[in-house]
Amino acid sequence: MTDQRLLHAQWSSRTAFILAASGSAIGLGNIWKFPYLAGEFGGGAFVVTYLLCVALIGVPIMIAETLLGRRGRQSPINTMLTLAEEAKASPYWRYTGWLGVAAGFLILSYYSVIAGWAMAYIFKINSALFVNIDAEQTGRFFEAFKSSPEFQSIWHTLFMIATVAIVSRGVSGGLERASRYLMPALFAMLVALDVYAMNSGGFGRGFAFLFYPDFDKLTGEGVLAAMGQAFFSLGLGMGSIMVYGSYLPSHVSIARSSLFVASADTVVALMAGLAIFPLVFAHGLEPGMGPGLIFQTLPIAFGQMPAGWLFGMVFFVLVFFAAITSAVALIEPAVAWLSENLGLSRKQASLYAGAACWFIGLGSAFSFNIWSEVKLFGKTVFELVDFLTANLMLPLGGVLVALFAGWVMKREISEAELELGEGRAYPAWRVLIRYVAPLGVLMVFLDAFGVL
Ligand code: PFF
């Protein structure tokens with residue numbers, strides 16, 4: 001083991017790791033993206049496919065990615081290189097790390113734009129405009145906001161500054177301590193919104209839409225989106241869990257922590273869906289309206305509650321917070337690599353990475369207004385970057401992690417790291433990681449691209 005690996009920082013406890021990993025997993029993906037994708041791809045069948053992907057592909061890969069990180073104890077690129085040397089495999093495995101750095105970078109570029117929407121709503125919802133607002137008015141308000149290139153770039157810039165400010169100070173410390181309170185607060189808020197939705201008059205229809213699977217409605221594209229969403233929401237396939245795993249003390253159970261994080265992530269997504277679809281049906285809205293879904297439905301609920309502006313503000317503050325803990329994870333692999341390899345200080349590395357990301361993100365910010373007609377393969381910049389990263393790069397990165405952990409790394413090593421005992425748990429994980437996860441991803445790709 002090199003000195004660098006010994007000196008590498010560690011989490012203070014298992015809870016600290018779980019908090020950081022949940023912070024990375026729970027974000028806009030759960031509250032913003034999951035509901036709008038479920039709406040776009042027809043509801044129940046998408047949700048069932050998503051849940052299957054989380055259980056059969058996501059959780060085993062999450063375990064594998066954490067395992068590789070803890071074994072390598074460096075940034076993803078150097079971890080992959082060291083582990084490949086250890087296994088006497090090709091040094092080309094380091095490109096898995098590169099793929100991840102690139103994916104995280106690209107995701108953050110548009111993630112910051114959407115997080116900017118949540119930030120803007122913290123202030124906007126606090127106005128008389130929103131009292132008793134109806135569906136048509138929230139729609140008009142959102143359209144006006146989205147079509148202003150100035151607003152879009154200002155909020156995107158503010159969010160990116162906040163991210164860089166936090167990342168440059170190091171990930172633990174304030175952020176870690178704050179998640180301890182804010183994550184449970186977000187959960188409580190979702191419970192309150194679910195209760196509201198139950199009494200909104202659309203609960204039955206919303207519930208059925210979300211959970212009744214009509215597989216005739218599910219296209220190959222929908223299956224691909226469900227799988228991509230599983231990777232996106234769990235924060236897998238791009239090395240951020242690998243980085244977090246690299247800070248994990250060796251006595252902590254990787255499998256148990258991963259199961260906990262994946263369950264919490266899934267519960268939050270389903271609760272967001274249950275808060276939103278009843279409102280969609282109660283107010284005659286369109287479930288497939290796309291990325292604006294939460295920004296056009298939730299304000300109706302806040303507008304009707306007593307002191308709704310306060311609840312609305314608190315809600316969007318919590319969404320902002322969930323987004324920033326994910327943004328930090330998205331940029332961390334790039335920052336870790338820049339500081340390890342180019343000898344930059346943490347501050348410089350965060351600043352450069354953030355600036356580059358901000359620049360690319362302008363493309364997404366403008367894709368909602370002045371560049372809405374600029375399309376490649378029929379997709380705007382935002383849609384294309386999202387499709388490339390979530391649906392292609394993350395699953396590909398995940399499969400490479402699975403193949404490495406299942407086929408390249410020696411069995412004795414993964415068995416010793418996971419410490420799953422003599423029972424069936426280790427053999428079950430091994431079957432999932434060697435066969436089920438890679439073949440599952442391959443089948444979804446083939447199906448989506450019309451080969452199956
Ligand atoms: N999981 C985050 C979300 O659901 O919003 C997004 C994300 C974070 C994706 C970290 C990938 C990642 F590595």
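Since this is a predicted model, take the numbers as computed values, not measurements.
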Would you list the atom pairs, donor with acceptor, under 3.5 Å between side chains in residues 46-61 and any protein atom, with sequence neighbours excluded?
from: Thr49; atom 1: OG1; to: Ala45; atom 2: O; distance (Å): 2.6

With a cut-off of 3.5 Å and sequence neighbours excluded, list every side-chain donor-acceptor pair involving residues 294-314.
from: Thr297; atom 1: OG1; to: Leu293; atom 2: O; distance (Å): 2.9
from: Gln304; atom 1: OE1; to: Tyr196; atom 2: OH; distance (Å): 2.6

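Remark: Phe387 CZ is packed, more than 12 non-hydrogen atoms of other residues, nucleotides or ligands lying under 6.0 Å away. With a 6.0 Å radius and a threshold of 12 heavy atoms from other residues, nucleotides or ligands, Glu221 has its CD atom at or below the threshold. Crowding of Tyr212 atom OH: a count of heavy atoms from other residues, nucleotides or ligands under 6.0 Å not exceeding 12.
Remark: Lys124 is positioned above the aromatic ring of Phe151, its terminal NZ or CZ atom under 6.0 angstrom from the ring centre and at most 45 degrees off the axis.
The minimum heavy-atom distance linking Gly273 with Pro35 is given by the pair N-CG, 4.4 Å. Nearest heavy-atom pair across Ile433 and Ala64 is CD1-CB, 3.7 Å. Across every non-hydrogen atom of Ser364 and Phe382, the tightest pair is OG-CA, 3.7 Å.
The backbone N or O of Phe368 sits nowhere less than 3.5 Å from a side-chain atom of Ser372 that would complete a donor-acceptor pair. Distance alone, capped at 3.5 Å, places no donor-acceptor pair between the Tyr110 side chain and the Leu362 backbone. Ser168 contributes a side-chain N or O that, together with a main-chain N or O of Ala165, makes up a donor-acceptor pair within less than 3.5 Å. Distance alone, capped at 3.5 Å, places no donor-acceptor pair between the Trp337 side chain and the Val101 backbone. Ser246 places no side-chain N or O within donor-acceptor distance of the main-chain N or O of Gly69, the cut-off being under 3.5 Å. Put simply, the side chain of Ser75 never gets that close to the backbone of Val243: no donor and acceptor are under 3.5 Å apart. Proximity of a side-chain donor or acceptor of Arg70 to a complementary backbone N or O of Val252 within less than 3.5 Å is detected. Under the 3.5 Å distance criterion, the side-chain polar atoms of Gln229 are matched with a main-chain donor or acceptor of Gly29.
For the pairing with Val399, the side-chain contact (heavy atoms from CB on, under 4.5 Å) check across Leu439, Val441, Leu442 returns one residue only, Val441. The ring pair (Phe, Tyr, Trp, His ring centres under 6.0 Å) with Trp117 is formed by just one residue from the set Trp32, Phe320, Phe142, Trp155; it is Phe142.
Classified by interplanar angle (parallel below 30°, tilted 30° to 60°, perpendicular above 60°), the ring pair Phe316/Tyr121 is tilted. Taking the six-membered ring where tryptophan is involved, the planes of Tyr111 and Phe232 are tilted, since the angle between them lies from 30° to 60°.
A salt bridge does not link Lys217 to Glu40: none of the charged side-chain nitrogens sits closer than 4.0 Å to a carboxylate oxygen. One finds a salt bridge joining Glu143 and Lys146 here, because a Lys/Arg side-chain nitrogen approaches an Asp/Glu carboxylate oxygen to under 4.0 Å. Between Lys33 and Asp386 there is a salt bridge, with a side-chain nitrogen of the basic residue lying less than 4.0 Å from a carboxylate oxygen of the acidic one.
Aromatic rings of Phe145 and Phe141 (six-membered ring for Trp) have centroids beyond the 6.0 Å cut-off, not under it.
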Side chain to side chain donor-acceptor pair (under 3.5 Å) evaluation trace for Trp358 with Ser112: CA-CA 8 Å; Trp358 170 82; Ser112 164; over 6 Å; no
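Judged purely by distance below 3.5 Å, without hydrogens or angles, the side chains of Asn369 and Ser147 never pair a donor atom with an acceptor atom.
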